[in-house]
There are 2 protein chains.
Amino acid sequence: MSTAQGARARARIEVTAAIKDEARRQLAAEGAAKLSLRSVARELGMVSSALYRYFPSRDELLTALIIDAYDSLGEAAEAAHATAADADHVRRWTAVCERVRAWALAHPHEYALIYGSPVPGYAAPETTVPAASRVGLLLIGIVRDAHRRPGLADLPLPGELRPEAERMAADLAPDLPPQAAVALVAAWAELFGLVGFELFGQFHRVVEDRETFFRHAAARLAHGVGLRP
Amino acid sequence: MSTAQGARARARIEVTAAIKDEARRQLAAEGAAKLSLRSVARELGMVSSALYRYFPSRDELLTALIIDAYDSLGEAAEAAHATAADADHVRRWTAVCERVRAWALAHPHEYALIYGSPVPGYAAPETTVPAASRVGLLLIGIVRDAHRRPGLADLPLPGELRPEAERMAADLAPDLPPQAAVALVAAWAELFGLVGFELFGQFHRVVEDRETFFRHAAARLAHGVGLRP
DNA sequence: CCAATGCAAGAGCACTGCTCTCGTTTTTGT
DNA sequence: ACAAAAACGAGAGCAGTGCTCTTGCATTGG
């Protein structure tokens, strides 16, 4: 039987956590490109080959960090949503958007890891999907609330788009009108376009008061999906 | 005086071009991470150290490729704009957007290089700015045309945003109303959010008919900046 | 108690960016 | 036209990387 897992098993999860912590430290400090297995091992006082008992490759380590980053961002966004629970739909939407931006500015390298170019060979493994969906699900929830109250403006749905819109709505939010689903996905992508452009320097000498600019852009996105104050 | 530059100077620009060509080949085939100076040199039949006579570092080579990529994208977008010169403003806008998307899908690694996470240490050098602005200038031109005809819808300008809006308009397009400038910059960033999400796999199992989805998202962006058919 | 497994260490391979030196060739100033 | 200066290609070498394989020790489980 043995209730308490042996000392070995406990040591394993501790070492695994220590590796991830040190790797995350190096990622935050220098970026994914400069993160090296050898230097993580060195910092932890072990030899590089020992590290392969815990992660089969550098890419696997990075994947673990990717999932953690998605979770950290999702948690932050959910917390922002919770503290704005009493506000109207537009304010809840912008609260989530602003928190996403704040998280990105605070964790630029983690953000680049998950929303920048895929760093490894490429193709994010399927295991990252649940963690990656958290912000999206949050935004869907806000629009769903607005639709139930009711308070979701009706959007036009061009005929050409109807089949895809219905498919998307069926997968994402069967209770929402199809045009809301497409508007939502578009706004979701556009939100990260705004954040990414600011973070990666495209707004250099273009936007100065980025906080104000972003707040209004986020409000315009909310308006675009049909939310009204 | 000496009109025809010496054979040495001519050889230099030829070798420089050959290096860039081979580097671009490897970039397109394997991505920026796998592009190595040594393998470029190997493929060109020279030794790696000789390559440093032409590019002082790997990052400088990458910077040259970045500028070329911006120019290639800008050229494609301008060509699309030219062939749609007779159409209405919305169609010209969407033509440019769709060409940007098509270029990104055709050159994923180049796109990742310029709009993904900055690959080197980071911070794109100032020399990339002119090439990077071409698509933005194109979009500004379309809105300016619409404003002159006239046919640019009036957008609201919240008081809080007015100072930044006026600053942006002064820098970007003094002849446009301030609110058009902010809407333009936001739409510009959002456009690349849409493209990036599709390219980097965020639409996996979310959007199926991506062409149709994108066309309508681009049209919605046009509407958002005040363009009307 | 003993065999099977988990683990850390070390050596080693193939690769990278980059530097320095050493002849050779081309350009330039007088 | 000739010598000094600059540009160039080749090679060796340094420090670093991801990853594999073998060896010996510690911890498990039957």
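Throughout, protein chains are lettered first and strands after them, A, B, ... in sequence-line order, and every chain is numbered starting at 1. Values reported hereafter were calculated over all heavy atoms of this structure, with side chains retained and with hydrogens, waters and symmetry mates removed.
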Proximal nucleotide (of [options]) relative to the [X] side chain:
X	options	answer
B:Tyr52	C:dC22, C:dT19, C:dA8	C:dT19
A:Ser36	D:dT17, C:dA8, D:dG9	D:dT17
A:Tyr54	C:dT26, C:dT21, C:dC7	C:dC7

Tell me the interatomic distance from [X], atom [atom1], to [N], atom [atom2], rounded to whole angstroms.
X	N	atom1	atom2	result
A:Arg58	D:dC19	CZ	P	8 Å
A:Lys34	C:dT16	NZ	C1'	13 Å
A:Glu60	D:dC19	CD	P	10 Å
B:Arg10	C:dT26	CZ	P	13 Å
A:Ile13	C:dC7	CD1	C1'	17 Å
B:Glu14	D:dG9	CD	P	12 Å

Taking atom types as they are modelled, would you say the side chain of B:Arg8 forms a donor-acceptor pair with the base of C:dT25 within the 3.5 Å cutoff? yes

Quick check: do B:Leu62 and B:Arg58 have side-chain heavy atoms less than 4.5 Å from each other?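 Heavy-atom side-chain distance check passes, below 4.5 Å.
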
Can you pull out the residues from residues 37-50 of chain A that lie within a 4.0 Å heavy-atom distance of DNA chain C? A:Arg38, A:Met46, A:Val47, A:Ser49, A:Ala50

Any pair with a residue in residues 11-20 of chain A that passes salt bridge (charged side-chain N to carboxylate O under 4.0 Å, His left out), sequence neighbours left out, goes on the list, sorted by first then second residue, please.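 Listed by first then second residue: A:Lys20-A:Asp68.
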
Output every pair passing salt bridge (charged side-chain N to carboxylate O under 4.0 Å, His left out) with a member in residues 183-199 of chain A, not counting sequence neighbours, ordered by first then second residue.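 Matches after skipping sequence neighbours: A:Arg101-A:Glu198.
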
Go through the structure and list residues passing salt bridge (charged side-chain N to carboxylate O under 4.0 Å, His left out) with A:Arg38, not counting sequence neighbours. none

Phosphate-side-chain proximity, B:Arg53 and D:dA7, N/O vs OP1/OP2 below 4.0 Å: no

OP1, OP2 of D:dC8 versus side-chain N and O of B:Arg12: anything below 4.0 Å? yes

Side chain to side chain donor-acceptor pair (under 3.5 Å) with A:Glu164: which residues, sequence neighbours excluded? A:Arg167

In B:Tyr115, B:Phe200, B:Phe197, the residue satisfying ring pair (Phe, Tyr, Trp, His ring centres under 6.0 Å) with B:Phe192 is B:Tyr115

Tell me, which pairs form a ring pair (Phe, Tyr, Trp, His ring centres under 6.0 Å) where one or both residues lie in residues 43-62 of chain A, sequence neighbours left out? none

What is the nucleic acid contact for A:Leu35, judged by heavy atoms within less than 4.0 Å: base, sugar-phosphate only, or nothing? sugar-phosphate

